[in-house]
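For reference, the structure is listed below as structure tokens.
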Amino acid sequence: MTDSAPRDFIRQIIHDDLESGKHAGIVTRFPPEPNGYLHIGHVMSICLNFGVADETGGRTYLRFDDTNPGREDEEYVRAIKDDVRWLGFDWADRLTHASDYFGRLYEAAETLIGLGLAYVDSLSADEIREFRGTLTEPGKDSPFRDRSVDENLALFRRMRAGEFGDGELVLRAKIDMASPNINLRDPALYRIRHVTHQTTGDAWCIYPMYDFAHTLSDAFEGITHSLCTLEFEDHRPLYNWFLDVLQPPHRPRQIEFSRLNLAYTITSKRKLNALVTEKIVSGWDDPRMPTIAGMRRRGYPPTALRDFVRRAGVTKKDKLIEMGMLENCVREALGDPAPRRMAVLRPLRVVLTNYPEGQVETVQAANHPNDPSMGMRDVPFSRELWIEQDDFMEDAPRKFFRLKPGGEVRLRAAYIIRCDEVVKDADGNVTELRCTYDADTRSGEGGSDRKVKGTIHWVSAAHAIDAEVRLYDRLFNVANPNTADDFHEALNPASLECVAAKLEPALADAEAGVAVQFERLGYFCPDSGDDAPGARVFNRIVTLRDSWAKLEKQELAGQG
RNA sequence: UGGGGCGUAGCCAAGCGGUAAGGCAACGGGUUUUGAUCCCGUGAUUCGCAGGUUCGAAUCCUGCCGCCCCAGCCA
């Protein structure tokens, strides 16, 4: 992170502000509303806000934007803290809430009234909407717009005292009902809400609106750069208006960047919530969810997510990033550290007819082909084995170099075998392969350098551990389900497949959250929620790149 | 339609008047007891389009086109 080369326009601005002496240090904030779990889009914001502060020796506040009691919840603040920490960021003692400032916000509102820049409106919500005008027509002044300062102050104090019901009165900024920017047409500042707040309890019955609370919270905390997404660009004039008229000691600058959208996922909290409440997924941390909690449970390393948003970049252009980009980051993060193991997802029995019944030998397999320091492990080998159903084909195309009738294949870290006989059930399904092994070809020994086209993985039947393995696919079938009329129609019905797999014994001590590579298949880890000693459950984090699958697909397309 | 923003390869993205970085994907080839990894190599005569300024334009000017956001007492 050399600051000599800012990576994006925001870091450029920050770099310039430091250079010019405008700021001695950088202060940012990540301000989630605790009404849902954090998702991949938030990862961008978290990495940006904490990232620029870390890079410049600055500070970042984790501030809960809890200005709307009733729809916010403590469960979410706990989850948000977990997620930010897991991503690798530290807010130290800078954990705040917008509600920490309710007293000062109230005073600021009275100041605005005193300045003649805010008034209490008696119009109903519907009337206010009618008076607001439209995109092309200016709005009309409220008949209550010219109440005296004293009357406004008295009314506002009575609002605060609880003398009015929800929606009866509202405090509005007095700006310009004819502004082409609708946000400036006398926006609401305070509304009445007789609801118990999750942290301030019943101390208040009036609550500040986002624009007012957010701007001043930034100012109170001495935020230098308030980084938010593009949809708030239209709010910047209002943000600056508050700063202009109230003149707080610190003047933060709001800068907007585009959201990060991931193809085949949704990042709308409302829709994510629907997936949970409608039980379409098992919860906010379902491994198919684009939530941080879901990705963590799935087994994505935090470094992969940080790498991903770094590669995506910070700009103002709408982006819809391919899933392959994220998957590449995950594979890259796991490739070196993940030890290799063997597991058979869809077992097909293989009997070695020339291997002595009852005999068991131990073969040594490398824990990592590119890193000898990770050592070797023992793998039991015997007469009956499981191999992958996909690794056998009765009528194989020439380019298929796995097992076929009469053909040979190498068993990873063990022997070369030949398929002599295919056993089928009454329906013609292949149920067993009867093979012979070449005793001279044990890996690492004399004849082991004999070449065959393919190498497949296997597990000794007598020693296999049974496990449920959960195979995940994209949750949606369309690239941008955010824009679908009804996201339910875009759901991928095959986003989860559970298989009864056979694992090599070394997998017995696999730990939750620690990724291993099942050779030739992908990266997996025990599920942090459902894995248990007697009933192992593994998640597939991501598949390996599969150029055979690609080839197959092309052939199919060629035939079609 | 008023206002705000954005258009550089399939997806991201550098570029800041001097002749189009990089990543992902794709496609060739090499190594390989994971069809993985790794290693080489291949893409824009052109930057939404059209004009203009300039010796020189993705960069400056004008016009047009396309896409996104805004009419919550949500954030």
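Just so we're on the same page: letters track the sequence lines, and every chain starts at 1.
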**Report entry** With sequence neighbours excluded, residues passing side chain to side chain contact (heavy atoms under 4.5 Å, CB included) with Asp100(A)
**Finding:**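 Thr96(A), His97(A).
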
Among [options], which nucleotide sits nearest the side chain of [X]?
X	options	answer
Asn370(A)	rC12(B), rU37(B), rC24(B)	rU37(B)
Leu320(A)	rA13(B), rG72(B), rC12(B)	rC12(B)
Arg410(A)	rU33(B), rC24(B), rC6(B)	rU33(B)
Asp65(A)	rC24(B), rA75(B), rU34(B)	rA75(B)
Thr134(A)	rC24(B), rU34(B), rA71(B)	rA71(B)
Pro180(A)	rG3(B), rA75(B), rC6(B)	rG3(B)
Thr136(A)	rC73(B), rG2(B), rC12(B)	rG2(B)
Glu519(A)	rC24(B), rU34(B), rC70(B)	rU34(B)
Lys319(A)	rA13(B), rU33(B), rC73(B)	rA13(B)

Report the distance from atom [atom1] of [X] to atom [atom2] of [N], rounded to the nearest whole Å.
X	N	atom1	atom2	result
Phe64(A)	rA75(B)	CZ	P	16 Å
Ile255(A)	rG5(B)	CD1	C1'	15 Å
Asp176(A)	rG2(B)	CG	P	18 Å
Asn183(A)	rA75(B)	CG	C1'	12 Å
His235(A)	rG72(B)	NE2	P	11 Å
His457(A)	rU32(B)	NE2	P	22 Å
Glu137(A)	rG2(B)	CD	C1'	10 Å
Phe401(A)	rA36(B)	CZ	C1'	12 Å

Requested in this report: Quick one: label Gln12(A) by what it contacts on the DNA or RNA (base, sugar-phosphate, nothing), any heavy atom closer than 4.0 Å.
Outcome: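 Base, at least one base atom sits under 4.0 Å.
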
Short side-chain N/O contact to [N] OP1/OP2 from [X], under 4.0 Å:
X	N	result
Lys550(A)	rA25(B)	no
Arg545(A)	rA25(B)	yes
Arg520(A)	rG35(B)	yes
Arg7(A)	rG23(B)	no
Thr67(A)	rA75(B)	yes
Arg132(A)	rC73(B)	yes
Arg71(A)	rC74(B)	no
Thr315(A)	rA13(B)	yes
Arg191(A)	rC74(B)	yes

Query raised in the report: Would you call the rings of Tyr207(A) and His197(A) parallel, tilted or perpendicular, where under 30° means parallel and over 60° means perpendicular?
Result: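 Aromatic pair Tyr207(A)/His197(A) classed parallel.
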
Query raised in the report: What form does the base of rG56(B) take, syn (within 90° of 0) or anti?
Result: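 In terms of base orientation relative to the sugar, rG56(B) is anti.
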
Query raised in the report: With stacking defined as ring centroids separated by under 5.5 Å and planes differing by under 30°, is Trp548(A) stacked against rG35(B)?
Result: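 Whether judged by distance or by angle, Trp548(A) passes, so it stacks on the base of rG35(B).
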
Query - Comparing Ala549(A) and Asn68(A) on RNA chain B - which has the more 5′ nearest nucleotide - result: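 It is Ala549(A), whose closest nucleotide lies nearer the 5' terminus.
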
Query raised in the report: Closest nucleotide of RNA chain B for Pro369(A) versus for Ile182(A): which of these residues is on the 5' side?
Result: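 Looking at the nearest nucleotide for each, Pro369(A) comes out on the 5' side.
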
Atom [atom1], compared across [N] and [M]: separation rounded to whole Å:
N	M	atom1	answer
rU33(B)	rG28(B)	P	23 Å
rA21(B)	rA44(B)	P	10 Å
rG4(B)	rC39(B)	P	49 Å
rA20(B)	rU59(B)	P	14 Å

So, does the side chain of [X] form a donor-acceptor pair with the base of [N] at under 3.5 Å?
X	N	value
Glu322(A)	rG10(B)	yes
Thr455(A)	rU34(B)	no
Arg402(A)	rG35(B)	yes

Query raised in the report: Taking any strand in view, what nucleotide pairs with rU45(B) in a Watson-Crick or G-U wobble way, both distances under 3.5 Å?
Result: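 Paired with no nucleotide.
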
Report task. Please determine, for rC67(B), whether a Watson-Crick or G-U wobble partner exists with both distances under 3.5 Å, and give it or none. Result ->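 Pairing partner: rG5(B).
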
Using a cutoff of under 3.5 Å, can you pull out all pairs of nitrogen or oxygen atoms linking the protein to nucleotides 65-69 of chain B, with atom names and distances?
| unit_1 | atom_1 | unit_2 | atom_2 | d |
| --- | --- | --- | --- | --- |
| rC68(B) | O4' | Asp318(A) | OD2 | 3.3 |

Query raised in the report: So does Glu504(A) pair up with Arg412(A), basic N to acidic O under 4.0 Å?
Result: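 No.
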
Requested in this report: May I ask you to test the Val409(A)-Asp391(A) pair for a side-chain heavy-atom distance under 4.5 Å?
Outcome: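 No. Closest side-chain heavy atoms not under 4.5 Å.
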
Query raised in the report: Do the non-hydrogen side-chain atoms of Arg418(A) and Asp438(A) ever get within less than 4.5 Å of each other?
Result: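 Not touching, per the 4.5 Å side-chain cut-off.
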
Query - Quiz item: cation-pi between Arg474(A) and Tyr264(A), 6.0 Å / 45° - result: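 Yes, Arg474(A) lies over the aromatic ring of Tyr264(A).
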
Requested in this report: Taking the six-membered ring of Trp204(A) (Phe, Tyr or Trp), confirm whether the NZ or CZ of Arg160(A) is under 6.0 Å from its centre and within 45° of its axis.
Outcome: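 Yes; both conditions hold, so Arg160(A) lies above the ring face of Trp204(A).
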
Query raised in the report: So, for Phe232(A) and Tyr210(A), is the gap between ring centers shorter than 6.0 Å?
Result: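 Yes.
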
Query raised in the report: When the ring centroid of Phe518(A) is compared with that of Phe538(A), is the distance short of 6.0 Å?
Result: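 Judged by ring-centre distance (under 6.0 Å), Phe518(A) and Phe538(A) do meet the cut-off.
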
Query raised in the report: Of all residues at least two apart in sequence or in a different chain, which pass the side-chain hydrogen bond (donor to acceptor under 3.5 Å, both in side chains) check with Glu168(A)?
Result: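 Residues passing side-chain hydrogen bond (donor to acceptor under 3.5 Å, both in side chains) with Glu168(A): none at all.
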
**Report entry** Donor-acceptor contact below 3.5 Å, side chain Lys174(A) vs main chain Arg145(A)
**Finding:**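 Yes, because the side chain of Lys174(A) sits within donor-acceptor range (under 3.5 Å) of the backbone of Arg145(A).
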
